[in-house]
Student: 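Take a look at the following structure, please.
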Protein chains: 2
Amino acid sequence: MKYSTRTRYGLRFLVYLALVEEDRYVQLRELEQQERISLRYLEQIVRLLKPTGVLLSSRGKYGGYKLARNPEKISIAEMVSSLEGDLAPISCLSHQYSCDRKPDCLTLPMWEELQEVINKYLRGKTLKDVVAQYRENRARYGKIETGVQ
Amino acid sequence: MKYSTRTRYGLRFLVYLALVEEDRYVQLRELEQQERISLRYLEQIVRLLKPTGVLLSSRGKYGGYKLARNPEKISIAEMVSSLEGDLAPISCLSHQYSCDRKPDCLTLPMWEELQEVINKYLRGKTLKDVVAQYRENRARYGKIETGVQ
DNA sequence: AGTATTTCATACCTAAATACTAAGTTTTTT
DNA sequence: AAAAAACTTAGTATTTAGGTATGAAATACT
């Protein structure tokens, strides 16, 4: 079980936006250069995030993306769920899935509990928290904190 | 992120063995019928579990598998890890993986924390616990608990 | 008005992994 | 000797991951 690059890249995109100090639109080209993520691929990933309403976008020259709300109002659970499709750790727990053996399943209760553990962690996590963790980590490594200009 | 059928089937196999009351070898054919898991596929899944030393096997007629130790001594973390390869939630955290961007990664600290959350849950879980959860769940559904003859 | 630049959208592609099946070999019991 | 089981290797179909390619629509600047 691995989260896909979609999810990894998507979250890095959001953290990047959160790190931008000034009020400006960030272009995907900038992320391609800074974060080494293919522009074309990133376009598709961003599209997965749009329905959550977390992004403001502007087309054309000097266009790009910015966060639509404060990072502390942005739930990682919601972002991962949009990028990954859902948060179920096994397909049996995905919404559309049905299985007549469910009442007799030897392991379903355990999987449900694991799902709850993961969901609880992700629900309690905001984009602000992830940014803070990143900053702490940088400090540990003794890096000067510059943020994104 | 989804755990594979390998892992799901493998755990069901282990719980099934734990539910057997008598001291006998359980044949894969029995699991094929009771749990609807292809015998040929199950053979390969079982092979992933053998290196952990959790299984005793006997060949030939009346052969099969039984647990090598008490279910409370069998860690789910170890079983899932053997079935899945490792417990990393993203490939960046798999053992062999290396990435020169790690010190600057915007999200790695968060993923490490999630990994710890998942590992902690799985490490604290034994096969005995999973069996108990199954039994409780059956009771909730009002099913008569027969176990496996 | 025209051009450059960006997001937005659809379609397509390739490699790898998943989830098996097939066919046999080895070991043990009857 | 025969049957039945675990073991082993190889192959295969399908799905998913992880992208590219192409172009349309919107915006800003000249």
Side-chain angles (χ1 to χ4, degrees), chain A residues 1-13 17 24-33 35-68 83-86 88-92 94 96-97 99, chain B residues 1-13 17 24-33 35-51 54-68 83-86 88-92 94 96-97 99:
Chain A
M1 88 120 185
K2 298 271 187 290
Y3 288 95
S4 62
T5 55
R6 274 198 315 279
T7 299
R8 276 158 41 206
Y9 296 176
L11 288 187
R12 278 163 63 197
F13 167 73
L17 291 189
R24 68 173 170 96
Y25 285 102
V26 176
Q27 296 167 9
L28 296 187
R29 189 171 302 277
E30 181 177 337
L31 272 121
E32 176 173 53
Q33 286 159 7
E35 290 291 315
R36 308 275 166 203
I37 303 171
S38 148
L39 180 114
R40 297 301 187 194
Y41 194 27
L42 203 45
E43 283 177 339
Q44 296 188 47
I45 291 165
V46 168
R47 199 142 61 102
L48 295 170
L49 291 172
K50 290 219 77 178
T52 67
V54 81
L55 295 175
L56 293 177
S57 65
S58 167
R59 289 176 160 194
K61 200 171 186 182
Y62 304 112
Y65 296 94
K66 62 167 74 169
L67 294 177
L83 292 163
E84 201 71 16
D86 61 52
I90 56 172
S91 52
C92 317
S94 289
Q96 68 285 4
Y97 192 88
C99 172
Chain B
M1 89 121 183
K2 298 272 186 290
Y3 288 94
S4 62
T5 56
R6 274 199 315 280
T7 299
R8 276 157 41 208
Y9 294 176
L11 288 187
R12 278 164 61 199
F13 166 73
L17 290 189
R24 67 173 171 97
Y25 285 103
V26 176
Q27 296 167 9
L28 295 187
R29 189 171 301 277
E30 181 177 337
L31 271 121
E32 177 172 53
Q33 285 160 5
E35 289 291 315
R36 307 277 166 203
I37 302 172
S38 148
L39 181 118
R40 298 298 190 192
Y41 193 26
L42 203 46
E43 283 176 338
Q44 298 188 45
I45 291 166
V46 168
R47 197 142 62 104
L48 295 171
L49 292 172
K50 290 219 77 177
V54 81
L55 296 175
L56 293 177
S57 65
S58 166
R59 290 176 160 196
K61 201 169 183 182
Y62 304 113
Y65 296 93
K66 61 167 74 168
L67 295 177
L83 292 162
E84 201 70 16
D86 62 53
I90 56 171
S91 52
C92 317
S94 288
Q96 67 285 6
Y97 192 87
C99 173

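Just so it is clear: chains get the letters A, B, ... in the order the sequence lines come, proteins before strands, and each one is counted from 1. These figures come from a predicted structure and were not determined experimentally.
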Student: OP1, OP2 of C/dC8 versus side-chain N and O of A/R59: anything below 4.0 Å?
Tutor: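 Answer no for this pair, as no side-chain N or O of A/R59 is under 4.0 Å from OP1 or OP2.
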Student: Counting only side-chain heavy atoms from C-beta out, which of D/dA6, C/dT21, C/dT18 sits nearest to B/L28?
Tutor: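 In terms of side-chain proximity for B/L28, the closest of D/dA6, C/dT21, C/dT18 is D/dA6.
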Student: Decide whether A/S38 and A/Y9 meet the rule of one side-chain donor and one side-chain acceptor closer than 3.5 Å.
Tutor: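 Absent: no donor and acceptor within the cut-off.
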Student: Quick one: is D/dG18 close enough that its OP1 or OP2 comes under 4.0 Å of any side-chain N or O from A/T5?
Tutor: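 Yes, such a contact exists.
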Student: So what does B/R47 hit on the nucleic acid, given a heavy-atom distance under 4.0 Å: a base, only sugar-phosphate, or nothing?
Tutor: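 Touches a base.
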Student: Looking only at non-hydrogen atoms, find the nearest pair between A/K50 and A/S57 and report the distance.
Tutor: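 Distance-wise, the nearest heavy atoms are NZ-OG, 3.0 Å.
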Student: Side chain of B/S57 only, heavy atoms from C-beta on: which candidate in D/dC7, C/dT5, C/dT7 is closest?
Tutor: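 Nearest to the side-chain atoms of B/S57, counting from C-beta on, is D/dC7.
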Student: Atom NZ of B/K61 and atom P of C/dT30: how far apart are they, to the nearest Å?
Tutor: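 It is 7 Å, rounded to the nearest whole Å.
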Student: For B/L83 and B/L11, which heavy atoms make the closest approach, and how far apart are they?
Tutor: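 Minimum heavy-atom contact is CD1-N, 4.1 Å.
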Student: Look through every strand shown and name the nucleotide pairing with C/dC12 as Watson-Crick or G-U wobble, where both distances are under 3.5 Å.
Tutor: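 Base-paired to D/dG19.
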Student: Would you say C/dA22 has OP1 or OP2 under 4.0 Å from some side-chain N or O of B/R40?
Tutor: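 Result: no.
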Student: Can you tell me if B/Y9 touches the phosphate of C/dT18, counting only side-chain N or O atoms and a distance under 4.0 Å to OP1 or OP2?
Tutor: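 For B/Y9, the contact criterion (side-chain N or O under 4.0 Å from OP1 or OP2 of C/dT18) is not met.
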Student: Taking OH from B/Y3 and P from C/dT18, how many angstroms apart are they, rounded to a whole number?
Tutor: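 One finds 14 Å between P of C/dT18 and OH of B/Y3, rounded.
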Student: Is there a side-chain polar atom (N or O) of A/R6 under 4.0 Å from OP1 or OP2 of D/dG18?
Tutor: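 For A/R6, the contact criterion (side-chain N or O under 4.0 Å from OP1 or OP2 of D/dG18) is not met.
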Student: Over how many whole Å does the gap from B/R29 atom CZ to D/dA4 atom P extend?
Tutor: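 Atom-to-atom, B/R29 to D/dA4, this comes out as 9 Å.
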Student: Please report the distance, rounded to the nearest Å, between OH in A/Y41 and P in C/dT10.
Tutor: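 Spelled out: OH on A/Y41 to P on C/dT10 is 18 Å.
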Student: Within this structure, what is the CG-to-P distance between B/L56 and D/dA6, rounded to whole angstrom?
Tutor: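 Atom-to-atom, B/L56 to D/dA6, this comes out as 14 Å.
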Student: Could you tell me the separation between the OH atom of B/Y62 and the P atom of D/dA4, rounded to a whole number of Å?
Tutor: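 These atoms are roughly 9 Å apart.
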Student: Are A/E32 and A/R40 within salt-bridge range, i.e. N to O under 4.0 Å?
Tutor: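 The answer is no: the pair does not qualify as a salt bridge.
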Student: If we count only N and O atoms by modelled type, under 3.5 Å, do the side chains of A/S58 and A/K66 hold a donor and an acceptor together?
Tutor: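 A/K66 and A/S58 do not have a side-chain donor-acceptor pair below 3.5 Å.
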Student: For A/R24 and A/E30, what are the C-alpha separation, side-chain angles and deciding distance, and is it a salt bridge (Lys or Arg N to Asp or Glu O under 4.0 Å)?
Tutor: CA-CA 12 Å; A/R24 68 173 170 96; A/E30 181 177 337; 3.0 Å; yes
Student: Start at the 5' end of DNA chain C and walk down; is the nucleotide closest to B/S58 or to A/E43 reached first?
Tutor: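 Between the two, 5'-proximity favours A/E43.
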Student: Measure CG/A/L48 against P/C/dT10 and give the value in whole Å, please.
Tutor: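 After rounding, the gap between these two atoms is 13 Å.
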Student: With a non-hydrogen cut-off below 4.0 angstrom, is B/K50 in contact with a base, only sugar-phosphate, or nothing?
Tutor: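 Sugar-phosphate, no base atom in range.
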Student: Of A/E84 and B/G60, whose closest DNA chain D nucleotide lies nearer the 5' terminus?
Tutor: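 It is B/G60 whose nearest nucleotide is closer to the 5' end.
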Student: Are B/S38 and C/dT21 close enough that a side-chain N or O sits under 4.0 Å from OP1 or OP2?
Tutor: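 B/S38 to C/dT21 OP1/OP2: side-chain N or O found under 4.0 Å.
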Student: How long is the line joining OH of A/Y25 and C1' of D/dT27, in whole Å?
Tutor: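 Roughly 12 Å, once rounded to whole Å.
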Student: Ignoring hydrogens and angles, does a donor from either the side chain of B/Q44 or the base of C/dT18 sit under 3.5 Å from an acceptor on the other?
Tutor: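 Side chain to base: no pair below 3.5 Å.
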